[in-house]
Each structure stands twice: as C-alpha cells, then as structure tokens.
Amino acid sequence: MPDNRTPNSFDRPEPIPTSRASGTAAHTVTGGDTTREQVLAREKEQFGGMKFGSAFFGWLTATGTAVILTALLAATGTAIGLGNQVDPNQAADNAATESA
C-alpha cells in the first residue's frame, strides 16, 4: 500500500541503504588466544575500576527504597486494620502455652 502523505519537517529522513558486506566492523579482532587477565585489563583500561561514590550512593538508594516500601506496607496494614483485634497480653499467654 503506497504512502500518499505529503512529507513535512517532522518526518524522519529515509534511511540510506548500506551493504552489510562493506568490510568494516565495530571492533577489529586481532586473533590469537586471550587470557582472562588480558580481557580484564582491557576492560579496566576502557571503563575504569570500581567507583566507590557510585557504589555507596547506589547502596543508599536501594536501602532508602526498601525502607520506603516497608513503611508503605506497614501503613497499608494499619489502614486496613490488620492489628486491631490483637491483645498483647493474650498474644503473650498464647505464645507461652504453645511453646510449652
């Protein structure tokens, strides 16, 4: 089905067809065996080592998210009254008699 719309400035340009057999690759492979240490050295050279600041703030974000979700869960339980019919003395008596 042909497209009869008129082009405007918001249309994407048509892709230029390219041949996959052009002979260029994203990364050149030099051949030979590479050891794990060589791969790790190349990765460290390209991306750097561990960033302690990023790791700390990532941990802090994950912990904060867990605290907020736990608080929301507790607030939801309180709102629907999950703990209203519990008498602490009766719960303690039940625990004492069931464990004996």
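Index from 1, following the sequence. Note that this is a predicted model, so its numbers are computed, not measured.
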Rounded to the nearest 0.5 Å, what separation is found between the CG atom of Leu73 and the OG1 atom of Thr78?
-> 9.5 Å
Taking the hydrophobic residues Ile, Leu, Val, Met, Phe, Trp and Tyr, and joining any pair whose side-chain heavy atoms are under 4.5 Å apart, which ones share a cluster with Phe52?
-> Met50
Under 4.5 Å between side-chain heavy atoms, chaining through other members, with only Ile, Leu, Val, Met, Phe, Trp and Tyr counted: pull out the rest of the cluster around Leu40, sorted by chain and number.
-> none
Mind checking what makes side-chain contact (heavy atoms from CB on, under 4.5 Å) contact with Glu37, not counting sequence neighbours?
-> Thr35
Measuring from Asn94:CG to Asn89:CG, what's the distance to the nearest 0.5 Å?
-> 11.0 Å
Partners of Leu60 by side-chain contact (heavy atoms from CB on, under 4.5 Å), sequence neighbours excluded?
-> Phe56, Phe57
With Thr65, which residues qualify under side-chain contact (heavy atoms from CB on, under 4.5 Å), at least two apart?
-> Thr61, Leu69
